[in-house]
Asks: 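So that we are looking at the same thing, I have put the structure below in structure tokens.
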Amino acid sequence: MADADAIVVGAGPAGASLAFLLADRGIRVTLLERQSDFAREFRGEILLPSGIDALQQMGLANLLPSIPQSRPTTLSVYLNQNLVIELALEPALFAGRPPVAMSQPALLEMLVAEASKRPAFCFLRGALVRELLREEGRVVGVRAQTAEGEHLLHAAVVVGADGRASLVRRRGGFEAKEQAPPMDIVWCKVPRFHEFRGARAYLGRGHLLIAYHTWDDRLQIAWAILKGTFGEIRRRGVGEWVEEMANHVTPDLSSHLRTHKGTIVHPFLLDVVSDRVTCWSTPGALLIGDAAHTMSPVGGQGLNVALRDALVAANHLVPVLRAGGDPASIDLAMRRIEAERLPEISSVQRAQALPPRIVLSRAWWGEPVRGLIAALLLTPQGRRVAAAQARLFAFGKSPVQLFV
Ligand SMILES: Cc1cc2nc3c(=O)[nH]c(=O)nc-3n(C[C@H](O)[C@H](O)[C@H](O)COP(=O)(O)OP(=O)(O)OC[C@H]3O[C@@H](n4cnc5c(N)ncnc54)[C@H](O)[C@@H]3O)c2cc1C
């Protein structure tokens, strides 16, 4: 007999939510996570209305307020240090679900704690999946390594929710198409910026800096750089890099960055990737979240679309696994999951592709085009286009309903 109905590899937002949903519906699920501590894996932390809605549909609404978080109250956009947009992020603008920066380790601990209350759930922490098990061309389980040794685990379906460097993607023979965004992001946190509780974006002269108040009462800085130039930044040293950022923002933030430059010890590089597997399943195995489609950071989408993948995966997997999990029905369910999620993922990835090319361009046309776009944003038509884009990022392409 199989060890479980489903094996989920990776307890990020996609895997932990899917495992919770399956266990909650009585499906025997084993969740494997290579890390023993969620804080050891870096993740994005901005939850948008679409992601909050997904967590609420999972029945977790009453637990969300207890998770450390910060709700940005304003969004200010600067072009060449001049304020061009100032938006109060009122809950009404977001159908009552305004964006929040939320502690991901705490969110994931909550998900696995809730799942652990269900007898159908088994969680192996510190379990590194090394290989897929196959029988007659079908994936039937995984080989995993824990501190106790090696384990062979079998299930009717294996879900790879193991992120951007997914082993399930590699070992499952999945092929991916990449978009090659022209940027990388340098991340660092500095102490809180006075009483600032909002988010700011500074554009201009081929640079982009985003700053927002975090759940742990600090200021997160994201500095977009041209792909491949991090080595040069490191060689020049933190002091020079902070000076470059300080020259790009308004005087209040410049002096804050200069004052606290000694606190920036290990800036973290996000190697920006945007890709998507051409087919999300192979007999016996499915990919979801970053494993299926690694998202560019534009619009803070990765975490939110991962949560929505989990809802759709649960919708299709619960009925077939409840009915005994015959292979043909599982494979059909997996194809339906892809068919349902693909339109949103491809729309979002298309929408993410253009902005960095314009914002970061150092070509002669960069500055005039940015100026033109800023002027267009002041027209009703320009605002309508921008609002449609913002709606896609905030709410997704269309509603996703959990119906199991
Ligand atoms: C610096 C940075 C900033 C970001 N900012 C944002 C943002 O603001 N908003 C947003 O929505 N998204 C953001 N993202 C993207 C977001 O973090 C991801 O899209 C999201 O975490 C994807 O969720 P996931 O569950 O698919 O994968 P992950 O969160 O990557 O989780 C995968 C899990 O699988 C585990 N794992 C991997 N391999 C194995 C294995 N072989 N065996 C067992 N376990 C394994 C990993 O340890 C990990 O816990 C950001 C990402 C980065 C890196």
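Counting starts at 1 for both ligands and their atoms, following the listed order.
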Asks: For ligand 1, note which part of Phe38 has a heavy atom under 4.0 Å away: side chain, backbone, both or neither.
Replies: neither
Asks: As an exercise, identify every atom of ligand 1 less than 4.0 angstrom from a heavy atom of Leu303.
Replies: 10 (C), 11 (O), 12 (N), 16 (C), 19 (O)
Asks: Please say whether Gly44 places an N or O atom under 3.5 Å from an N or O atom belonging to ligand 1.
Replies: yes
Asks: Return the closest protein heavy atom for atom 27 (O) of ligand 1 as residue, atom name and distance.
Replies: Gly163 CA, 3.7 Å
Asks: Can you tell which of Arg308, His293, Gln349, Lys397 makes a side chain to side chain donor-acceptor pair (under 3.5 Å) with Glu344?
Replies: Arg308
Asks: For Phe196, is the NZ or CZ atom of Arg200 found under 6.0 angstrom from the centre of its six-membered ring and inside 45 degrees of the ring axis?
Replies: yes
Asks: What pair of heavy atoms forms the shortest contact from Ala310 to Leu21, and how long is it?
Replies: O-CD1, 3.9 Å
Asks: Where's the contact between Leu270 and ligand 1, heavy-atom distance under 4.0 Å: side chain, backbone, both or neither?
Replies: side chain
Asks: Should you measure from each heavy atom of Ala127, which atoms of ligand 1 turn up under 4.0 Å away?
Replies: 42 (N), 43 (C)
Asks: Which bit of Ala144 gets closer than 4.0 Å to ligand 1, counting heavy atoms only: side chain, backbone, both or neither?
Replies: neither
Asks: Which option, Ile46, Leu48, Ile288, Asp271, owns the non-hydrogen atom nearest atom 8 (O) of ligand 1?
Replies: Ile46
Asks: If only side-chain N and O atoms count, and only distance matters, is there a donor-acceptor pair under 3.5 Å linking Ser76 with Glu86?
Replies: yes
Asks: Students should be able to answer this: which protein heavy-atom is nearest to atom 18 (C) of ligand 1, and at what distance?
Replies: Asp290 OD2, 3.4 Å
Asks: Could you tell me which non-hydrogen atom of Ala155 sits nearest to which non-hydrogen atom of Ile7, and how far apart they are?
Replies: CB-CG1, 3.5 Å
Asks: Check ligand 1 against Arg43 and write out every atom of the ligand that is under 4.0 Å from a heavy-atom position of the residue.
Replies: 17 (O), 21 (O), 28 (P), 29 (O), 31 (O), 33 (C), 48 (C), 49 (O)
Asks: Between the side chains of Tyr212 and Ser70, does any donor sit under 3.5 Å from an acceptor?
Replies: no
Asks: Heavy-atom contacts with Gln35 under 4.0 Å: which atoms of ligand 1 show up? List them by number with element.
Replies: 47 (O)
Asks: Under a 3.5 Å threshold, yes or no: a donor from one side chain and an acceptor from the other, between His151 and Asp3?
Replies: no
Asks: Side chain, backbone, both or neither: which applies to Gln301 and ligand 1 if a contact is any heavy-atom pair less than 4.0 Å apart?
Replies: backbone
Asks: Nearest to atom 37 (C) of ligand 1, what protein heavy atom do you find, and at what distance?
Replies: Asp162 O, 3.3 Å
Asks: Between Asp290 and Thr294, does any side-chain donor sit less than 3.5 Å from a side-chain acceptor?
Replies: no
Asks: Pairs of nitrogen or oxygen atoms closer than 3.5 Å, one from Ala306 and one from ligand 1: do any exist?
Replies: no
Asks: Of the protein's non-hydrogen atoms, which lies at the shortest distance from atom 2 (C) of ligand 1, and what is that distance?
Replies: Phe42 CE2, 3.4 Å
Asks: Just checking, is any N or O donor in the side chain of Trp187 or Gln220 under 3.5 Å from an acceptor N or O on the other one?
Replies: no
Asks: Got more than 12 heavy atoms from elsewhere within 6.0 Å of CZ, Arg336?
Replies: no
Asks: Could you check whether Asn315 and Glu340, counting side-chain N and O atoms only, form a donor-acceptor pair closer than 3.5 Å?
Replies: no
Asks: Would you please classify the geometry between the Tyr202 ring and the Tyr78 ring as parallel, tilted or perpendicular, with 30° and 60° separating the classes?
Replies: parallel
Asks: If you take all heavy atoms of Pro72 and Pro99, which pair is closest and at what distance?
Replies: CD-O, 3.3 Å
Asks: Quick check on contacts: which atoms of ligand 1 are under 4.0 angstrom from a heavy atom of Ala14?
Replies: 25 (O), 26 (O)
Asks: Pick, from Arg169, Gln104, Arg164, Glu33, the option with the minimum heavy-atom distance to atom 35 (C) of ligand 1.
Replies: Glu33
Asks: For atom 3 (C) of ligand 1, grab the closest protein heavy atom and report residue, atom and distance to one decimal in Å.
Replies: Trp187 CZ2, 3.2 Å
Asks: Heavy-atom count around Glu178 CD within 6.0 Å, excluding the residue itself: above 12?
Replies: yes
Asks: Find all atoms of ligand 1 within a distance of less than 4.0 Å from any non-hydrogen atom belonging to Gly289, and give their numbers and elements.
Replies: 26 (O)
Asks: Could you say whether the N/O atoms of Arg34 and ligand 1 ever approach to under 3.5 Å?
Replies: yes
Asks: Among protein heavy atoms, which sits nearest to atom 23 (O) of ligand 1, and what does the distance come to when rounded to 0.1 Å?
Replies: Pro13 CD, 3.5 Å
Asks: Within ligand 1, which atoms have a heavy atom of Asn304 less than 4.0 Å away?
Replies: 11 (O)
Asks: Does any donor atom in the side chain of Asp252 or His256 lie under 3.5 Å from an acceptor atom in the other side chain?
Replies: no
Asks: Where is the nearest protein heavy atom to atom 34 (O) of ligand 1: which residue, which atom, and how far?
Replies: Gly10 CA, 3.2 Å
Asks: Do any N/O atoms on Val9 end up under 3.5 angstrom from N/O atoms on ligand 1?
Replies: no
Asks: Does the side chain of Gln56 come under 3.5 Å of the side chain of Arg97 through a donor N or O and an acceptor N or O?
Replies: yes
Asks: With heavy atoms under 4.0 Å as the rule, classify the contact between Ala161 and ligand 1 as side chain, backbone, both or neither.
Replies: backbone
Asks: When you measure from atom 42 (N) of ligand 1 to every protein heavy atom, which one gives the shortest distance, and what is it?
Replies: Val129 N, 3.0 Å
Asks: Which atoms of ligand 1 are found less than 4.0 Å from any heavy atom of Gly300?
Replies: 7 (C), 9 (N), 10 (C), 11 (O)
